[in-house]
Structures are given as structure tokens and as C-alpha cells.
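Along the sequence shown, residues are numbered consecutively beginning with 1.
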Amino acid sequence: MSKWLPLTIGWRFFRAKQSNSFIGFISFASTAGIALGVGVLILLLSTMNGFEKELQQRLLGVVSHGELVGVNEPIADWKVIANSAQHSEQITGVAPFIRLQGLVQKPGGFQGLVVSGIDINHEADVSTINQYMSATAWQSLQGNQNNIVLGRSLIDKLQLKVGDTVAMFTPDANNSQLTSAKSHRFVVSGVYNVGGEIESTQAYVPIEYLADVLGLGQGVSGVRIQVANVLNAASVTRDLGFAQEQYLYINDWSRSQGHVYQDIQLVRLVMYLVLALVIAVACFNIVSTLVMAVRDKASEIAILMTMGISRGAIMTIFILQGALNGVMGCTIGGILGVIFAYNLSAIAQGLEQLFSFQLLASDIYFIDFLPSELHSQDVVVVIVMGLVMSLLATIYPAWKATQIAPATALAGR
């Protein structure tokens, strides 16, 4: 017997089964289910990769990777920490800041605001905030002037424009009464647009001006650091903080923005499991298709056995039949998934314009578009998973085909 005979017969059986319309429909349903599961899973993983990339490049480009803040008193000489940071290969940037928290009045109430005094000569080492504002706004954050750069979302809430004056109220440390507050006035010198909640809660002013207002002299509230790998920010910041002689608060991005990263990972895991079950259900249809195909081809199987074909060859015939469904489904799903993943942002933008709605609002999320980042390893893993599951689904029906008694099958023909 030729070693290619089982494969040839399996291919002929695969094509011949279309003559039975019901078996053909179940076969089509299994192929379509596998294609749908594979395609959607590739698209989902690409979307989660896109969100994770935008989180690291956009949100974590603006938010501190790590912070060291003075506990009872300001940091007198922040360059001591900067010199200490040079001994760590994982720290790529260090910059000082002064922080002031208070309230600004808006129509209908007050809005909490955190004002950061920054040094533009060092801030670009730890933040990409300069990429989200004009060059004029960025240059206004130097010198000893009461300029302030606000987020687009907060500008809209306060109904302000560039050149207007905004008052910020902070607690009066010299007065024990809770109703006593200081007023600080700033001139809006620019607007930044990075998206998300940060636009409503974060503003930037020159560090020299804020130091004079708070009477810090050469001192600063704390030091921001940027690390090469954001996932190592907690340990790197902790090691740097423990190496200092002054007592410091140690903070990193995972405490303020970690929930966003964890949400992305959780959605990725849940949807991966759900869509893997979709592929598994589609593979159950392969079992049904082959069981019916075995019953439909019982007499042909009996004839092949009487001609001397082995039981292993019979199994190969039906394993090939079912595997072809998996191969077709994974191929179609993989191609469609890759095509949609590459064009997801454009497709989402087209749907938004066509139906006049917005999928992601920039004042709620840190991005206002649907991102996609296709990784080849994700495509390979999903396709291999689909092929393995479809192949496993063929084993039982193929084994049942070898249990057919030739005499009984031919007698009932």
C-alpha cells in the first residue's frame, strides 16, 4: 500500500462529503467558527498591545516613572540625588520639581488642581510633556514669571483662554482655621493636550517662580526619575531612595496609574480565555462532522478494510478530513485578523465619522483613538492553538472509524 493512499482517500472523502448537505453545513459551521475565533483573537491581542504601547509612550511619558519627595522638609540639594542616580544603569533621567496642590474655581464649584513647578532644562529628561504643547507654551515655563500651562480639558471646564488669569486657592499654613486660604494668581500662557484625567488635574509653572512663592530658596519638593524599563520602576526608585541620607517618600507610576496597566492585562486574559473557548466550541463541530461522516462512509470503510488497509491508515484518513477544517479556518481567520489589525485605527475612525459617534473620549481615556499593535508571535500562537485544538478534535471520531466491523457494515449496506 502506498504511503500516500490514506492522504489521497482522506482528501477525496473531504470533497465528497459536500454531497451530504447537512454534513456540509456542519463542516462549514466549524470552519467559520474557527476562523471567527482566530481572527477576533488576533484582533483583540493587537488592540491590547496597542493600548499597552500607548500607555507606555503617552501616559507614562508624562507621568513620573518614580518620585522621591522630602518628608518633613524640602530637598536642599537635588543634584546629590542626581549624582547618586548616575550609578544606576536603569535610570535614564532625573529632574527636580516643586508641587503645590489647591483648588481653582469653575462654574458651579471648585476643581482640584496639582501645580508642578518644573525646570525645562531637565524636565525633558524625564517627561515628554513638551511634545503635547506648543514651543511658545514650553518656553513660557522658564524664568521667574507667574505663567501656567493648563490641560485642554481644564481650560474648557474653566472657560478660559490663553492670556487669562486664573486664581488658585491653597491652605494657609500660618492659620489654623480651616476656612483660611491663600490665593495664587497665574497667567495662562499655554495649553497641553495629552488626553485622559491628567488634563483636568495637572498644570505646569516655572520652578523658579514657585520656589519664590513658597519660600524654598534653592530647595525643591522632590525629584522625578525616568527608568529604561517601566516595569522595574518600583524597585529602581526604592533602591535610589534607600541610598539617600534624608528621609524621603518613595513613589512610582504603579501606585497612580498601575490600575490602567492591570486593567489592560485583565481584559487581555479574560478575552483570551473567552475566544479560546469559541475556538474550542467550533472544534466540537468537527467532532460532529466526523462522527456523521464515519457513519455515512461506513460501507466504504468496510470495503477498504477487506482490501487490507490498516486501522492506522483509516485513522489517518479521518484525521486529515477534520484537520483540513482546522487548517482552512485558521488560514482564513489569520488572514482576516492580520488585515483588520493593521487597519483597525482607520476602520474605527471611518465608523466614527460615518455614524457621528466617538469610541474613546479623550477627557476620560488617555487616548481618543483605537490603537493596534500587531505582534507576529501572537499570530503564530493563536494559529498554532487553533490547529492543535482542531487536530485533537479529530482523534475520537477517527478512532471510532477503526472500530467498524466490515462484515456488519457490508451486511447492512
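In terms of modelled atom types and a separation under 3.5 Å, the side chain of His65 and the main chain of Ala233 share no donor-acceptor contact. Although no hydrogens or angles enter the test, the distance criterion places no donor-acceptor pair under 3.5 Å between the side chain of Gln90 and the main chain of Asn229. Side-chain atoms of Ser372 never come within 3.5 Å of backbone atoms of Tyr342 as a donor-acceptor pair (strictly under, hydrogens ignored). For Ser127 (side chain) and Ile129 (main-chain N/O), a donor-acceptor pair under 3.5 Å exists by modelled atom type.
The salt bridge (Lys or Arg N to Asp or Glu O under 4.0 Å) search around Asp164 returns Lys161, not counting sequence neighbours. Checked against side-chain hydrogen bond (donor to acceptor under 3.5 Å, both in side chains), Gln142 has the following partners two or more places apart in sequence or in another chain: Gln139. When the side-chain hydrogen bond (donor to acceptor under 3.5 Å, both in side chains) test is applied to Asp119, the partners found at least two apart in sequence or on another chain are Asn121. Scanning for side chain to side chain contact (heavy atoms under 4.5 Å, CB included) contacts around Ala398 gives Met315, Phe318, Ile319, with sequence neighbours left out. Every side chain to side chain contact (heavy atoms under 4.5 Å, CB included) that Val40 has, sequence neighbours left out, goes to Leu36, Leu275. Shown here are the ring-ring contact (aromatic ring centres under 6.0 Å, His included) partners of Tyr192, two or more places apart in sequence or in another chain: Tyr204. Shown here are the side-chain hydrogen bond (donor to acceptor under 3.5 Å, both in side chains) partners of Ser189, two or more places apart in sequence or in another chain: Ser140. Lys53 meets the salt bridge (Lys or Arg N to Asp or Glu O under 4.0 Å) test with Glu373; sequence neighbours excluded. Taking His122 as the reference, nothing meets the side-chain hydrogen bond (donor to acceptor under 3.5 Å, both in side chains) condition, with sequence neighbours excluded.
In plain terms, the two heavy atoms of Pro371 and Ser345 that are nearest each other are CA-OG, 4.0 Å. Ile42 and Gly334 make their closest contact through CD1-CA, 3.8 Å (heavy atoms, listed as atom of the first residue, atom of the second, distance). Scanning all heavy atoms of the two residues, the minimum distance from Pro206 to Gly143 falls at CB-O, 3.2 Å. Counting all heavy atoms, side chain and backbone alike, Thr394 lies closest to Ser390 at CG2-O, 3.2 Å. Of all heavy-atom pairs spanning Met48 and Val267, the tightest one is SD-CG1, 3.8 Å. Closest approach of Gly241 to Ile250, counting heavy atoms only: CA-CD1, 4.0 Å.
With rounding to the nearest 0.5 angstrom, the CD1 atom of Ile155 is 5.0 Å from the CG atom of Leu160. In this structure, CD1 in Ile91 is found 12.5 Å from CG in Asp125, a value given to the nearest 0.5 Å. Put simply, CD1 on Ile148 and CZ on Arg185 are 12.5 Å apart, with the number rounded to the nearest 0.5 Å. We find the CG-CD distance between Leu154 and Gln111 to be 5.5 Å, quoted to the nearest 0.5 Å. Remark: Ser116 OG to Gln101 CD distance equals 9.0 Å, nearest 0.5 Å. The NZ atom of Lys157 sits 3.5 Å away from the OG atom of Ser200 when rounded to the nearest 0.5 Å.
Val187 is not listed as a side-chain neighbour of Val162, based on a closest heavy-atom distance of 4.5 Å or more. Within the 4.5 Å cutoff, side-chain heavy atoms of Trp138 are placed close to those of Met133. Asn146 is not listed as a side-chain neighbour of Val205, based on a closest heavy-atom distance of 4.5 Å or more. By the 4.5 Å heavy-atom criterion applied to side chains, Trp253 and Val230 are counted as neighbours. Side-chain contact between Leu103 and Leu113 is absent, with no heavy atoms from C-beta onward closer than 4.5 Å. Contact of the Leu214 side chain with the Leu100 side chain is registered, since non-hydrogen atoms from C-beta on lie closer than 4.5 Å. Contact check for Val38 versus Thr331: no side-chain heavy atoms found under the 4.5 Å cut-off. Side-chain contact between Tyr272 and Leu45 is present, with heavy atoms from C-beta onward closer than 4.5 Å.
Residue pairs meeting the side chain to side chain donor-acceptor pair (under 3.5 Å) criterion with at least one member in residues 30-49, sequence neighbours excluded, are Thr31-Asn325, Asn49-Arg268, Asn49-His375, Asn49-Asp378. Screening residues 70-83 for side chain to side chain donor-acceptor pair (under 3.5 Å), with sequence neighbours left out, gives no hits. Screening residues 237-251 for side chain to side chain donor-acceptor pair (under 3.5 Å) gives Ser84-Gln244 as the qualifying pairs, with residues at least two apart or on separate chains.
The neighbour count for Phe169 CZ, taken as heavy atoms of other residues, nucleotides or ligands under 6.0 Å away, is above 12. A 6.0 Å sphere centred on CD of Glu89 holds no more than 12 heavy atoms belonging to other residues, nucleotides or ligands.
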Exercise for review: Would you check, one step at a time, whether the test side-chain contact (heavy atoms from CB on, under 4.5 Å) holds for Leu277 with Leu273?
Suggested key: CA-CA 6 Å; Leu277 291 176; Leu273 293 176; 5.6 Å; no
Check your understanding: Taking it one step at a time, do Glu208 and Gln145 satisfy side-chain contact (heavy atoms from CB on, under 4.5 Å)?
Key -> CA-CA 8 Å; Glu208 293 182 25; Gln145 304 178 47; over 6 Å; no
**Study point:** Residues Ile225, Val126; criterion side-chain contact (heavy atoms from CB on, under 4.5 Å); working and verdict
**Key:** CA-CA 6 Å; Ile225 69 170; Val126 298; 5.6 Å; no
Practice item. Assess whether side-chain contact (heavy atoms from CB on, under 4.5 Å) is satisfied between Ile34 and Ile286, documenting all intermediate values. Key: CA-CA 10 Å; Ile34 293 173; Ile286 295 179; 3.7 Å; yes
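A salt bridge links Glu67 and Arg99; the closest N-O separation between the charged side-chain nitrogens and carboxylate oxygens is under 4.0 Å.
Among Leu391, Ile332, Leu320, Leu387, the single residue meeting the side chain to side chain contact (heavy atoms under 4.5 Å, CB included) criterion with Val327 is Leu387.
For the residue pair Gln131 and Thr128, no side-chain donor N or O sits within less than 3.5 Å of a side-chain acceptor on the partner.
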